[in-house]
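Please read the structure below before turning to the comments.
A, B, ... follow the sequence lines: proteins, then strands. Residue 1 opens every chain.
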Protein chains: 2
Amino acid sequence: MLINEVSKKTGISAHTIRFYEKSGLIEGKRNESVKSNNYYHYDDITVEKLEFISDAKSVGFTIREIGQMIDAWYNKKYSKKQKLEILDDKLNSLEQKMKEIRQMKKQILQFKEDVVNDRC
Amino acid sequence: MLINEVSKKTGISAHTIRFYEKSGLIEGKRNESVKSNNYYHYDDITVEKLEFISDAKSVGFTIREIGQMIDAWYNKKYSKKQKLEILDDKLNSLEQKMKEIRQMKKQILQFKEDVVNDRC
DNA sequence: ATCAACCTTAGACTATACTCTACTGTTGCT
DNA sequence: AGCAACAGTAGAGTATAGTCTAAGGTTGAT
């Protein structure tokens with residue numbers, strides 16, 4: 001797949017895909033046998049990663065954190081133990097986010113009550 | 001209270017408090033009777049707002065969104081109906097965030113399983 | 001051969017949310 | 001009066017995450 005096809009599949013612009021590539025989140029391959037151009041080719045795993053990136057971004061993970069998770073899953077550079085550590089760390093931060101959201105929900109519900117009862 | 005006291009109470013730097021003031025989230029009052037200086041004075045409500053700002057930021061609300069919520073609660077410029085609309089809107093976005101987090105949790109748990117079972 | 005529609009790179013630009021610096025003035029203690 | 005510790009403003013600088021432009025090369029259909 002060339003970049004435009006990946007872009008269409010994921011809804012992420014080619015610009016942004018290149019930005020993610022520069023950031024080390026994904027990696028295209030150049031076809032060595034073709035010498036006339038230097039187009040990058042992407043596989044289905046890349047599409048999968050990009051979908052994960054979108055989801056992870058919307059829950060508030062940074063590019064760096066997302067990179068760690070991708071490495072923990074797709075990469076050989078960590079030991080099993082290290083991978084599990086990274087993933088557990090991210091799970092903990094999700095738990096933390098959940099707690100904060102529940103708190104915030106309570107707070108806003110309180111605001112609402114105050115509005116309804118003209119206490120503000 | 002002067003700015004440093006507010007900073008100590010909230011753990012937010014004086015710089016950042018001034019930034020929030022410029023952004024319209026809080027508002028200090030100048031003492032008209034004192035002419036030798038132009039120090040801002042802050043009340044307990046401001047401290048309350050700043051604590052809310054910290055919490056709201058950590059669940060991912062932007063300055064603009066936080067400003068809306070503060071206005072919906074402390075300000076006279078919206079009708080009751082408008083206030084409730086704003087607050088409901090934020091509650092919905094919290095629900096959305098929760099859903100996304102639960103999804104992400106599932107995904108990471110799947111990653112973990114794959115790591116444990118050497119599927120990656 | 002030409003032309004639209006692709007591809008690449010380098011680098012400039014934007015928005016958000018700070019964070020810091022420089023400079024100046026005020027307060028309160030000794 | 002001197003001085004540390006505080007206050008204010010303007011504006012520059014930083015980090016993150018894109019977003020866009022310019023300039024050039026390639027592909028594929030006509």
Side-chain angles (χ1 to χ4, degrees), chain A residues 1-43 46 49-70 90 93 97 100, chain B residues 1-43 46-47 49-70 93 97 100:
Chain A
M1 254 176 289
L2 295 181
I3 199 160
N4 254 21
E5 199 179 339
V6 177
S7 171
K8 267 165 209 151
K9 278 197 182 175
T10 58
I12 299 172
S13 78
H15 275 304
T16 301
I17 292 171
R18 290 204 184 97
F19 170 73
Y20 289 152
E21 183 148 20
K22 261 190 207 160
S23 308
L25 299 185
I26 57 161
E27 208 173 334
K29 272 172 199 137
R30 279 178 159 151
N31 195 333
E32 294 298 326
S33 63
V34 177
K35 276 168 191 161
S36 59
N37 73 39
N38 54 353
Y39 294 0
Y40 286 105
H41 294 261
Y42 302 93
D43 55 16
T46 299
K49 283 180 185 173
L50 286 169
E51 277 155 1
F52 175 72
I53 292 167
S54 287
D55 293 348
K57 267 180 39 55
S58 74
V59 308
F61 283 123
T62 64
I63 296 282
R64 185 185 298 270
E65 288 174 313
I66 295 168
Q68 279 193 318
M69 285 189 276
I70 286 178
K90 301 313 174 213
S93 93
K97 280 178 211 284
E100 286 165 352
Chain B
M1 255 176 284
L2 295 181
I3 198 159
N4 254 22
E5 199 179 339
V6 177
S7 171
K8 264 165 212 155
K9 278 195 181 177
T10 58
I12 299 171
S13 77
H15 275 304
T16 301
I17 292 171
R18 290 201 184 100
F19 169 74
Y20 290 152
E21 182 147 20
K22 263 191 205 159
S23 308
L25 299 185
I26 57 160
E27 208 173 336
K29 272 172 200 138
R30 277 176 161 155
N31 196 333
E32 294 298 326
S33 63
V34 178
K35 277 166 191 161
S36 60
N37 73 39
N38 52 352
Y39 294 0
Y40 287 104
H41 294 261
Y42 302 93
D43 54 16
T46 299
V47 172
K49 284 180 186 174
L50 286 169
E51 277 155 2
F52 175 71
I53 292 167
S54 288
D55 293 348
K57 266 180 41 56
S58 73
V59 306
F61 284 122
T62 63
I63 296 281
R64 185 184 299 271
E65 289 175 310
I66 295 169
Q68 279 192 318
M69 284 189 276
I70 286 178
S93 93
K97 279 178 211 283
E100 287 163 353

Rounding to a whole Å, what distance do you find between A/K22:NZ and C/dT9:C1'? 7 Å
In Å, rounded to the nearest 0.5 Å, how long is the span from CD1 of B/I17 to OG1 of B/T10? 4.5 Å
Nearest to the A/N37 side chain among D/dT26, D/dC6, C/dC7, which nucleotide is it? D/dT26
As a test of reading the structure: which of C/dT8, D/dG8, D/dG18 is closest to the side chain of A/Y39, going by heavy atoms? C/dT8
Would you mind telling me which of C/dC20, D/dT9, C/dC7 lies closest to the side-chain atoms of B/R18? D/dT9
Are side-chain N/O atoms of B/T46 and B/D43 paired as donor and acceptor at under 3.5 Å? yes
Length of the line joining B/I12:CD1 and C/dT19:P, which is rounded to integer Å: 11 Å
Find the distance B/L50:CG to C/dC18:C1' and express it as a whole number of Å. 14 Å
Donor-acceptor pair, distance only, cut-off 3.5 Å: does the side chain of A/S7 make one with the backbone of A/I3? no
Once hydrogens and angles are ignored, does a donor-acceptor distance under 3.5 Å link the base of D/dG18 to the side chain of A/Y20? no
Side chain of A/F19: nearest nucleotide among D/dA17, C/dT9, C/dC7? D/dA17
Between B/I3 (CD1) and C/dT27 (P), how many Å, whole number? 17 Å
May I ask you to evaluate whether B/S13 reaches the phosphate of C/dT19, defined as a side-chain N or O under 4.0 Å from OP1 or OP2? no
Residues within residues 52-69 of chain A bordering DNA chain D, heavy-atom distance below 4.0 Å: A/K57, A/T62, A/I63
Report the distance from atom CD1 of A/I17 to atom P of C/dT8, rounded to the nearest whole Å. 10 Å
Could you check which of D/dT9, D/dC6, C/dT8 has an atom nearest any side-chain atom of B/R30? D/dT9
Cationic tip of A/R30 above A/Y39 ring, under 6.0 Å, 45° of axis: no
Quick one, B/I70 with B/I26, criterion side chain to side chain contact (heavy atoms under 4.5 Å, CB included). Give me CA distance, side-chain angles, the key distance, then yes/no. CA-CA 9 Å; B/I70 286 178; B/I26 57 160; 5.5 Å; no
Compare side-chain N and O positions of A/N38 against OP1 and OP2 of D/dG25 and report whether any pair is under 4.0 Å apart. no
Would you indicate which nucleotide in C/dT19, D/dA7, D/dT27 comes nearest to any side-chain atom of B/L2? D/dA7
Ignoring backbone atoms, test whether B/S36 places a side-chain nitrogen or oxygen under 4.0 Å from the OP1 or OP2 oxygen of C/dG25. no
Just checking, B/K49 and B/Y42: is the charged tip under 6.0 Å from the six-membered ring centre and within 45° of the axis? no
Does the pair A/F19 and A/S13 meet the rule for a side chain to side chain contact (heavy atoms under 4.5 Å, CB included), with working shown? CA-CA 10 Å; A/F19 170 73; A/S13 78; over 6 Å; no
Whole-Å distance separating the CG atom of B/N31 from the P atom of D/dG8: 13 Å
Tell me the interatomic distance from A/E21, atom CD, to C/dT8, atom C1', rounded to whole angstroms. 11 Å
